[in-house]
Amino acid sequence: MNRNLAGIPGHIMSVIGALLSIFVLSIVFAGPLLGYTVSLAIFLFFALPMTFMMYSGGKSPFWMKINIVDWIFTAVSVVSIGYLIVNANHILTRIEYVSEISAFEFTMGILALVVVLEATRRAMGTAMAVIALVLLIYVAYGNHLPAVVSHSGYDWDWIVDTMYLTSKGIFGSPLWVVITLAFPFILYGVILEELGILRTFLDFANRLLGRTPGAPAKTAIVAGTMVGMASGLPMSTTYLIGYPTIPEMKKVGYPGRTAGAIAAVVGTAAQLMPPMLGVAAFIVAQYMGVPYIKVCQYTLLPALMFYFAFYCTINFETRKWNIQVHEAVTISYGKIMANGFYIFIVSMIVLIYFLVIFYPVGLSALYACATALVLGLLRKHNRLNLKSFYTILAKTGKTSVYISIACAAAGVITGLLVETGLNLKFANMVIGLGRDSLFIALFLSALAILVLSMGMPSIPAYITGIAIFGPALMKLGIIAPVAHIFVFYYATLYSITPPVAFASYAGAQIAGEDPMMTGLVACKLGIMTYIIPFLFAYNPALLLIAEYWDVWQVVKLIFFYIPGLVLFAAGLSGFWTKRMGWQDTVIALAGGVLMLFPLFVVQFFGLAAFIYIFIRQDIYQTYLRRKPVAA
């Protein structure tokens, strides 16, 4: 739990956070001048103590204040990580698995693992720390288990060597990609927040949709998508968008649970929408070995399909609750631009330009940050000053600590899985269970990734998921882009999936509703995000891969996919032009799914369901046959 430190401790954390930001920026600009492992060790040298100061070990009054236990963990982290920095030359010249590990190094390695797991527990919750701990115990003692689940055995010297003294564990690629890829985008989001740009997203959405029925909900969709693309953090996006829109949604007639769920779904789905996609997508590009613009290509059509279905669902919900037009207070587009919206547009153009010409992703993001900062310095009102710069650096440093601790633990998890070959063992289990059915293999993989991601953010969830299930899916014939985007989708859905539905809980808190029930409503409203990965797994053309596209794909998109999404949205709401009985609701949901199915014969059954609901709901009379207005 975050302590929200104030006074001298808060100022100290801000100073360290600002210094940490400057250090990371030097790495992004100039590279790891001190070496890869040393640079990561220096980062953790500051990040671990910050975690023990900023995050409590429990909820009791004793834990909510900085106490002796925090100082002990801080001291242990400083000593164990500091050893690597002081003895960097020795660590770099030793031969892994050959050079003998001294008793002192062994002790330092065990202590480093302990502090990383405890920091993970505090910052991320128990689940991720338990996963890492169970895996450590399994690697150490799994040779004593029954043959079905046992392995050849690894001793603690091997574990310490791998996890502490090489770049395959704590200091592995997950931590590195946070520094080089995630950090610049965290900085970008903080800059926009400090400049007040996030408020202009809401003003823009209000201006665009403020005169339509259910305007607060539709405003939340548009504004939340822009905010979420900038921040990439579902829970914070839900709070930013939820505070101004959820009370308004309740005021115009939406049930509280629906209002909270809408904000949560928007905060989560924004990570799936190009061109920004949230921070995790840049990690996907790195692991796929493709330019980021390719990830944008792969995710564009699935994201548009989801947002179309989601908007239709909210539109049907609006009609179901008979919500009328309520004039929102709007300002002109010119005023919105003057308030800073142009800074977002210009900096986004800069980002996309450098990505398109294949500049490194982190450097492209820093150019966007620099553009936003320069424009912030030049504007007349709310101009940036030295205090603003300091605040931006401090907040970015403190926010990056949260993600980096999760990725240090993800390095432990993936390192153990990959180095021991356990990931391939899990892959073979999936292949064995799904040998006769690709659907079963996909379902088991999706379920396992969802369970894994409930204890970690989308970045480590994706890294862990692709390490375990990527090989299995590709062995079953799934092409690499589909496997990566499939895992990416399910790694982002933790924030609306109970029981660990952080974004849903944020929406429920603002709405004053039960968190679990709000989470279930969010799952219902966002259910298409769970379905779409299966669609492109069976039909890679949906990822806009050229060799899979032909005229027939265009025909299916226009005459089956789009109507199928509308039908599914109507079934989800139980309303189109009027309320549906439970039989019609089931037919609409089933028909919508069938129209999205890759088999032509099956799609025609879905089309029959569409025609049936079309007639039952009097769509022709309501929409297509308008009576002439009397003169």
Asks: Please enumerate all residues that pass side chain to side chain donor-acceptor pair (under 3.5 Å) together with Y239, with sequence neighbours excluded.
Replies: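 With sequence neighbours excluded, Y239 shows a side chain to side chain donor-acceptor pair (under 3.5 Å) to Q509, given in chain and number order.
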
Asks: Show your working on side-chain contact (heavy atoms from CB on, under 4.5 Å) between L366 and F185 and close with a plain yes or no.
Replies: CA-CA 8 Å; L366 286 184; F185 288 93; over 6 Å; no

Asks: With Y36, which residues qualify under ring-ring contact (aromatic ring centres under 6.0 Å, His included), at least two apart?
Replies: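 ring-ring contact (aromatic ring centres under 6.0 Å, His included) check on Y36 returns W176.
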
Asks: Is any side-chain heavy atom of S14 less than 4.5 Å from a side-chain heavy atom of K398?
Replies: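 Touching, per the 4.5 Å side-chain cut-off.
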
Asks: Any side-chain donor-acceptor pair under 3.5 Å between H484 and Y462?
Replies: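 Checked: H484/Y462 side chains pair up, N/O donor to acceptor below 3.5 Å.
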
Asks: Side chains of V284 and V290, heavy atoms from C-beta outward: is any pair under 4.5 Å?
Replies: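 They are not in side-chain contact.
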
Asks: Short question: side chain of S99, backbone of E96 - any donor-acceptor pair under 3.5 Å?
Replies: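 No; zero donor-acceptor contacts below 3.5 Å.
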
Asks: Verify the distance criterion only: is there a donor paired with an acceptor across the side chains of E194 and T391 at less than 3.5 Å?
Replies: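 The answer is no; no qualifying pair exists.
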
Asks: If we count only N and O atoms by modelled type, under 3.5 Å, do the side chains of Y83 and E105 hold a donor and an acceptor together?
Replies: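 Note: Y83 and E105 side chains meet the donor-acceptor criterion.
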
Asks: Could you tell me whether a side-chain N or O of D161 sits under 3.5 Å from a main-chain N or O of Y97, the two making a donor and an acceptor?
Replies: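 A pair under 3.5 Å: yes.
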
Asks: Spell out, as yes or no, whether a donor-acceptor pair under 3.5 Å connects the side chain of R121 to the backbone of A129.
Replies: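 No, the answer is negative, given that no donor and acceptor are paired below the 3.5 Å cut-off.
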
Asks: Would the F469 and F486 ring centres measure less than 6.0 Å apart?
Replies: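 Distance test on ring centres: not under 6.0 Å, no.
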
Asks: Who are the ring-ring contact (aromatic ring centres under 6.0 Å, His included) partners of F73, not counting sequence neighbours?
Replies: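 Residues passing ring-ring contact (aromatic ring centres under 6.0 Å, His included) with F73: F52.
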
Asks: If only side-chain N and O atoms count, and only distance matters, is there a donor-acceptor pair under 3.5 Å linking T268 with Y494?
Replies: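 The criterion, which ignores hydrogens and geometry beyond distance, is not satisfied for T268 and Y494.
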
Asks: Any ion pair linking R94 and E100 (charged N to carboxylate O, less than 4.0 Å)?
Replies: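 The answer is no: the pair does not qualify as a salt bridge.
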
Asks: Are Y154 and T162 packed together at the side-chain level, in the sense that at least one heavy-atom pair is separated by less than 4.5 angstrom?
Replies: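 No; the side chains remain at least 4.5 Å from each other.
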
Asks: Determine, stepwise, if the pair Y287 / S173 fulfils side-chain hydrogen bond (donor to acceptor under 3.5 Å, both in side chains).
Replies: CA-CA 10 Å; Y287 272 73; S173 59; 2.9 Å; yes

Asks: Side chains of M163 and K168: closer than 4.5 Å at any heavy-atom pair?
Replies: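 No, too far: nothing below the 4.5 Å cut-off.
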
Asks: Could you tell me if the ring centre of Y489 sits under 6.0 Å from that of F536?
Replies: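 Centroid separation for Y489 and F536: below 6.0 Å.
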
